[in-house]
Amino acid sequence: STLQQEIGSFDLLVEEIAAATNGTCATAKPLTFSGGKIAEFGNTGGADNEFSDIKCATGSKSGSSGPQLYYTVPLSEGKSYKITVTSDFSSFFYVFSSAAACQPTLIESDCASKTIGVWGESPETMASGSIVFSPTTTGTYYIAIDSDAAQESGDFKLEISEYTAPTNQLCGSAVPLNLTSGKASVSGYTGGSKDEFPTLTCGGKYKLDAPQLYYKVALLAGKTYRI
């Protein structure tokens, strides 16, 4: 510490770990579906930083300067897949086709629309990020778990599952909700949905130009509702 009064208890752990063998694009680990799902655990600590200039439209000024691990997975045209990474460090992951041939310039051009950040901070504050990816060509695709700083590494979980898009992506196909004992609740996921009206602001400052799902419910005059 930097102050004499900054004292206290601590735990120090030194642990031998086996270095991952899939730290380069050429040594990507193949994954296979079981029951339409994949769940893979990993740790980027000690892995290589193969391509430090790849940004994949994340907005990172330092690029992908952290260590990364690579995986391959067979995906089919006409299907959609939900890809989720949960990590205890500030990571991002990106998807690119085998047509990129592990060349950084081709990876950069292919992954720009298929990336997302995961802003975890510690093992106690795991965070997750997801994308829905619908390949236009059947083939092998790469998924890289990366970060933008050499010190940003740690544990993560990669999950991939076949995804069926919801039917209420358009206003005309809104799903009806029925109040039971004065209440109605629903859970959903907007990833991969359409953005029907990208110029809407609904009185706000910014355009609502992200995907949405629609619901409709019958409300009575003279009643007050909390949404």
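Between Phe156 and Ser91 there is no side-chain heavy-atom pair separated by less than 4.5 Å. Looking at heavy atoms from C-beta onward, Pro67 lies in side-chain contact with Ser147 at the 4.5 angstrom threshold. Between Phe51 and Asp146, every side-chain heavy-atom pair lies at or beyond the 4.5 Å cut-off. When side chains are defined from C-beta on, Tyr142 counts as touching Cys102, because their heavy atoms get closer than 4.5 Å.
Note: Tyr141 OH to Tyr81 OH = 9.0 Å, rounded to the nearest 0.5 Å. Going from atom OG1 of Thr164 over to atom NZ of Lys79 covers 9.5 Å, rounded to the nearest 0.5 Å. Here the straight-line distance linking atom CZ of Phe92 with atom NZ of Lys55 works out to 9.5 Å at 0.5 Å rounding. Here Tyr70 contributes atom OH and Ile107 contributes atom CD1; the two are 5.5 Å apart, rounded to the nearest 0.5 Å. If you take OG on Ser90 and CD on Gln151, they are separated by 10.0 Å, rounding to the nearest 0.5 Å. In this structure, CD on Gln169 lies 4.0 Å from OG on Ser193, to the nearest 0.5 angstrom.
Leu75 and Tyr163 end up in different hydrophobic clusters when Ile, Leu, Val, Met, Phe, Trp and Tyr side chains are linked at under 4.5 Å. In terms of hydrophobic clustering, with Ile, Leu, Val, Met, Phe, Trp and Tyr side chains grouped at heavy-atom distances under 4.5 Å, Phe133 and Tyr189 are assigned to different clusters. When the side chains of ILVMFWY residues are joined at heavy-atom separations under 4.5 Å, either directly or via intervening members, Val95 and Val132 end up in two distinct hydrophobic clusters.
The backbone N or O of Gly36 sits nowhere less than 3.5 Å from a side-chain atom of Glu162 that would complete a donor-acceptor pair. Put simply, the side chain of Glu152 never gets that close to the backbone of Gly66: no donor and acceptor are under 3.5 Å apart.
Among residues at least two apart or in separate chains, there is no ring pair (Phe, Tyr, Trp, His ring centres under 6.0 Å) pair with a member in residues 2-23. Listed by first and then second residue, the salt bridge (Lys or Arg N to Asp or Glu O under 4.0 Å) pairs involving residues 29-50 are Lys29-Glu40 (not counting sequence neighbours).
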Inset, instruction - Check step by step if side chain to side chain contact (heavy atoms under 4.5 Å, CB included) holds for Ile145 and Gln68. - result: CA-CA 5 Å; Ile145 317 299; Gln68 67 277 146; 5.8 Å; no

Legend entry - Thr137 vs Ser97, side chain to side chain contact (heavy atoms under 4.5 Å, CB included): CA-CA, chis, key distance, verdict: CA-CA 9 Å; Thr137 304; Ser97 168; over 6 Å; no

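Side chains of Thr27 and Thr24: a donor-acceptor N/O pair is present below 3.5 angstrom, by distance only.
Residues forming a side-chain hydrogen bond (donor to acceptor under 3.5 Å, both in side chains) with Gln212 (at least two apart in sequence, or on another chain): none. Ser80 is linked by a side-chain hydrogen bond (donor to acceptor under 3.5 Å, both in side chains) to Ser134, counting only residues two or more places apart in sequence or in another chain. Under the rule for a side-chain hydrogen bond (donor to acceptor under 3.5 Å, both in side chains), the partners of Asn43 that lie at least two apart in sequence or sit in another chain are Asp155.
Through side-chain heavy atoms spaced under 4.5 Å, either directly or across other Ile, Leu, Val, Met, Phe, Trp or Tyr residues, Leu213 is tied to Val175, Leu177, Leu179, Val186, Tyr215, Val217, Leu219, Leu220, Tyr225.
Applying side chain to side chain contact (heavy atoms under 4.5 Å, CB included) to Ile38 and the options Ile143, Leu158, Thr32, Ile160 leaves one that passes, Ile160.
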